[in-house]
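Notes to accompany the following structure.
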Amino acid sequence: MIKSKVVSFEMNSQDPEKAAVFYSNVFGWTIGEPKWGYSEAITNGGGINGGIAHGPSDYPHGVRLHLEVDSIDVALKEAVQNGAQIVREKMEFEEFYLAYLVDPVGVGIGLIENK
């Protein structure tokens with residue numbers, strides 16, 4: 001069993017600018033400038049922060065939780081053995097690795113491994 005914790009969320013939309021305005025105006029979120037098609041979202045309420053992104057073709061709308069794990073490679077292997085499908089293989093960013101999968105019932109999840 002892989003240990004994990006929810007560390008962020010990603011809201012995907014085909015109109016991320018409109019979504020950013022909505023969450024900023026209605027809930028007071030602070031939305032950052034887009035980077036790689038992703039804008040950081042600070043919820044300002046003491047909860048989990050995340051981001052708003054232009055949804056890719058494999059996940060155009062919806063929310064993905066991001067789970068921090070010690071090893072993406074081990075977590076992906078375990079997830080696939082238990083019925084998940086990998087949507088995006090491990091990608092490398094400046095401070096972390098990220099992969100996307102869909103669990104056996106269709107829920108999108110992001111896995112994060114900090115460097």
Side-chain angles (χ1 to χ4, degrees):
M1 179 175 13
I2 304 298
K3 291 183 181 181
S4 69
K5 63 181 176 180
V6 176
V7 293
S8 67
F9 62 85
E10 177 182 310
M11 300 176 76
N12 289 327
S13 169
Q14 293 304 292
D15 192 346
E17 294 82 13
K18 185 175 184 178
V21 169
F22 173 82
Y23 285 95
S24 178
N25 288 344
V26 176
F27 299 107
W29 292 8
T30 302
I31 309 298
E33 291 298 317
K35 183 175 183 182
W36 302 307
Y38 178 90
S39 297
E40 183 178 22
I42 307 299
T43 60
N44 298 320
I48 296 171
N49 297 317
I52 299 174
H54 186 271
S57 61
D58 59 8
Y59 206 79
H61 298 280
V63 177
R64 286 192 258 225
L65 294 179
H66 289 169
L67 308 177
E68 182 181 316
V69 296
D70 291 333
S71 170
I72 281 185
D73 297 324
V74 171
L76 286 173
K77 181 179 177 183
E78 186 75 21
V80 168
Q81 289 174 348
N82 284 277
Q85 294 180 332
I86 297 172
V87 176
R88 297 249 177 106
E89 295 287 343
K90 181 168 86 172
M91 301 170 281
E92 184 172 2
F93 293 91
E94 196 171 301
E95 298 178 10
F96 59 91
Y97 298 98
L98 173 66
Y100 292 125
L101 55 90
V102 176
D103 76 9
V105 296
V107 176
I109 300 171
L111 299 178
I112 293 177
E113 176 187 337
N114 289 314
K115 290 185 175 179

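Numbering of residues begins at 1 and proceeds along the displayed sequence. Being a predicted model, the structure only gives us computed values, none of them experimental.
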Note to self: My understanding is that only residues two or more places apart in sequence, or in another chain, count here; which of them pass side chain to side chain contact (heavy atoms under 4.5 Å, CB included) with Thr30?
What the structure shows: Ile42, Asn44

Next item on the list: Sequence neighbours left out, what pairs pass salt bridge (Lys or Arg N to Asp or Glu O under 4.0 Å) with at least one residue falling in residues 68-88?
Entry: Asp58-Arg88, Asp73-Lys90

Margin query: Within this structure, what is the CD-CG distance for the pair Glu113 and Leu67, rounded to the nearest 0.5 Å?
Written below: 13.5 Å

Checklist line | Closest heavy-atom pair and its distance - Asn12, Gly55 | finding: CB-CA, 3.7 Å

Check: Under a 4.5 Å side-chain heavy-atom rule over Ile, Leu, Val, Met, Phe, Trp and Tyr, are Ile109 and Val74 clustered together?
Finding: yes

Notebook entry, point to check: How many angstroms lie between atom CZ of Phe22 and atom OG of Ser13, to the nearest 0.5 angstrom?
Noted result: 11.5 Å

Next item on the list: Could you tell me which non-hydrogen atom of Ala79 sits nearest to which non-hydrogen atom of Leu101, and how far apart they are?
Entry: CB-CD2, 4.0 Å

Margin query: According to side-chain hydrogen bond (donor to acceptor under 3.5 Å, both in side chains), who are the partners of Asp103, at least two apart in sequence or on a separate chain?
Written below: none

Item checked: Counterpart residues, salt bridge (charged side-chain N to carboxylate O under 4.0 Å, His left out), relative to Lys18 (two or more places apart) -> none

Notebook entry, point to check: What is the minimum heavy-atom distance between Asn49 and Thr43, and which atoms define it?
Noted result: OD1-N, 2.8 Å

Check: Taking all atoms of both residues into account, what is the closest heavy-atom pair of Ile52 and Ala20, and its distance?
Finding: CD1-CA, 3.7 Å

Margin query: Among residues at least two apart in sequence or on other chains, which ones pass salt bridge (charged side-chain N to carboxylate O under 4.0 Å, His left out) with Lys115?
Written below: Glu92

Item checked: Least distance between heavy atoms, Ala84 atom then Pro104 atom -> N-CG, 4.2 Å

Checklist line | Gln14: partners by side chain to side chain contact (heavy atoms under 4.5 Å, CB included), with sequence neighbours left out | finding: His54, Pro60, His61

Item checked: Atom of Ala41, atom of Trp29 and distance for their closest heavy-atom approach -> CB-CE3, 3.9 Å

Next item on the list: Check the pair Phe9, Arg64 against side-chain contact (heavy atoms from CB on, under 4.5 Å), reporting the backbone distance first and the verdict last.
Entry: CA-CA 6 Å; Phe9 62 85; Arg64 286 192 258 225; over 6 Å; no

Next item on the list: Using salt bridge (charged side-chain N to carboxylate O under 4.0 Å, His left out) as the criterion, list what pairs up with Asp15, not counting sequence neighbours.
Entry: none

Notebook entry, point to check: So which residues get pulled into Val107's cluster when ILVMFWY side chains under 4.5 Å apart are joined, directly or through others?
Noted result: Val105

Notebook entry, point to check: At what distance, to the nearest 0.5 angstrom, does CG of Asn82 lie from CD1 of Ile2?
Noted result: 9.5 Å

Check: Who else is in the cluster with Val7 when I, L, V, M, F, W and Y are joined by side-chain contacts under 4.5 Å?
Finding: Trp36, Val87, Met91, Phe93, Phe96, Leu98, Tyr100, Val102, Ile112

Check: side-chain hydrogen bond (donor to acceptor under 3.5 Å, both in side chains) with Ser8: which residues, sequence neighbours excluded?
Finding: His66

Margin query: For residues 28-48, which residue pairs pass the salt bridge (Lys or Arg N to Asp or Glu O under 4.0 Å) check, not counting sequence neighbours?
Written below: none

Notebook entry, point to check: Could you give the distance from CD (Gln81) to CG (Leu76), rounded to the nearest 0.5 Å?
Noted result: 11.0 Å

Margin query: According to side chain to side chain contact (heavy atoms under 4.5 Å, CB included), who are the partners of Val21, at least two apart in sequence or on a separate chain?
Written below: Asn25

